[in-house]
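Here is how names work: the chains are called A, B, and so on, in the same order as the sequence lines, proteins then strands, and each is numbered from 1.
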2 protein chains.
Amino acid sequence: MTKQLPFYETLDLTLCGNMGRVHRLCREVVTIAVEPLGLTQSRWTTLVHVNMLQEGVTQLELAHSLGIEMPSLTRTLKQLEESLLIVRKVDQQDRRSKRIYFTEQGRNVLSTLQEKIADIKDQLYHGLSHEQLDIMAYGLVKMEENAKKSIIQSTIGENLNDT
Amino acid sequence: MTKQLPFYETLDLTLCGNMGRVHRLCREVVTIAVEPLGLTQSRWTTLVHVNMLQEGVTQLELAHSLGIEMPSLTRTLKQLEESLLIVRKVDQQDRRSKRIYFTEQGRNVLSTLQEKIADIKDQLYHGLSHEQLDIMAYGLVKMEENAKKSIIQSTIGENLNDT
DNA sequence: TTAATATAGTTAGCTTGCTAAGTAAATAGA
DNA sequence: TCTATTTACTTAGCAAGCTAACTATATTAA
């Protein structure tokens, strides 16, 4: 009833391609839903994470939470600031870092956004049990660990070649 | 032993972000490994799919298999052709379509590529059972279906507004 | 047979990830 | 205290996904 496809075999050929495709599709679903708010994928994701980590978060903390690099975040924050949804304030304790705050308008957009996301979540996970979703989460975390380990080892290999 | 994270809760906030991150990381692992071959992610993925669907496949069939749109594929094929790994021949039965074939050099690259991918697959799936991987596959397929259904419904909604 | 529509592929330009290299502020060492 | 290094962020430009709009060929209908 639950199993269906030989994942191990399927991915033998396409590796992580399936994940990329599903990711693009899910992203598209949300983007269609939030289009009236003038939000693209990177913008709505960023708003959700700012709220999750609390206002006043630094850009570095935010980038880490989103799993993206600083330059990618810089661009998105610039766009959000231009749309008057957030403001960036220099931290007076450490004037290198900037902290993110919502504007009034930003908070309104966030609350509409969260309602829409809740609806979509139900649609996307339809037909999957909490148990199955937990196993998927475990698998994703495991693969992320494995990938990072592998990347680190490649980097060490490079450095050895330098000497 | 297997479960660990509350996926359902985690994704409540970040939705498909986890998938995107894991996808980017896995892609990076392969890209590092195949860099000596001068292949980027889109190029090696395309080579693997051409081989999977057999030489002589049309661009449309290939795009569908890769889960990407034609313009994305056009660019990648152009690069692969410039690197002398494939050739595109106009189908004489239907002169609109083009069929893809490997060059001698392309076949050599493919075989090295496949060895490397097999190694990486083992690394990335390390610590996951076939059963867990099957559940992940099922979940991905299910989410893909759900997402497509949702996108179709949005499109219908748009058309109704037009009348 | 000719005009209208559909299909395969291309081109142009957007989004959002990335790395490399730069600036300005903070910290460590001489 | 003054220089050197590290850190937070920015800028510039590449990679690879996308849509919209184009060309050329094939099909369908008048």
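Residue contacts shown for B/T74 include a base, since a base heavy atom lies under 4.0 Å away.
Rounded to whole Å, atom P of D/dA24 lies 17 Å from atom CD of B/Q59. Atom CG of A/L60 and atom P of C/dA25 are 18 Å apart (whole Å). As a whole-Å value, the separation of B/I32 CD1 from C/dT19 P is 10 Å. At whole-Å resolution of the value, CG in B/L77 and P in C/dG9 are 9 Å apart. Straight-line distance from the CD atom of A/E61 to the P atom of D/dT7: 16 Å, rounded to whole Å. At whole-Å resolution of the value, CE in A/M19 and P in C/dG17 are 17 Å apart. One can place CD of B/E35 at 14 Å from C1' of C/dC18, the figure rounded to the nearest angstrom.
Remark: A/R88, A/R96 in residues 80-96 of chain A come within less than 4.0 Å of DNA chain D through at least one heavy atom.
A close approach under 4.0 Å does not occur between any side-chain nitrogen or oxygen of A/K78 and OP1 or OP2 of D/dC9.
Residues meeting the side chain to side chain contact (heavy atoms under 4.5 Å, CB included) test with B/D94, sequence neighbours left out: B/R96, B/S97. For B/K148, the side chain to side chain contact (heavy atoms under 4.5 Å, CB included) partners two or more places apart in sequence, or in a different chain, are A/L25, B/E144. Taking A/R95 as the reference, A/V90, A/Q92 meet the side chain to side chain contact (heavy atoms under 4.5 Å, CB included) condition, with sequence neighbours excluded. Scanning for side chain to side chain contact (heavy atoms under 4.5 Å, CB included) contacts around B/S129 gives B/E131, B/Q132, with sequence neighbours left out.
Judged by distance alone, the side chains of B/T58 and B/E61 do bring a donor and an acceptor atom under 3.5 Å apart. With no hydrogens or angles considered, no side-chain donor-acceptor pair links B/Q41 and B/T31 at under 3.5 Å.
Sorted by first and then second residue, the pairs that involve residues 80-91 of chain A and meet salt bridge (Lys or Arg N to Asp or Glu O under 4.0 Å), not counting sequence neighbours, are A/E81-A/R88, A/D91-A/R99. Within the structure, no pair that satisfies the salt bridge (Lys or Arg N to Asp or Glu O under 4.0 Å) test touches residues 65-76 of chain B, not counting sequence neighbours.
Through direct or relayed side-chain contacts under 4.5 Å between Ile, Leu, Val, Met, Phe, Trp and Tyr, A/Y101 connects to A/V87.
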Per-nucleotide protein contact string for nucleotides 12-23 of chain D, where B marks a base within reach and S marks sugar-phosphate only (heavy atoms under 4.0 Å, - for neither): B---BBBBB---
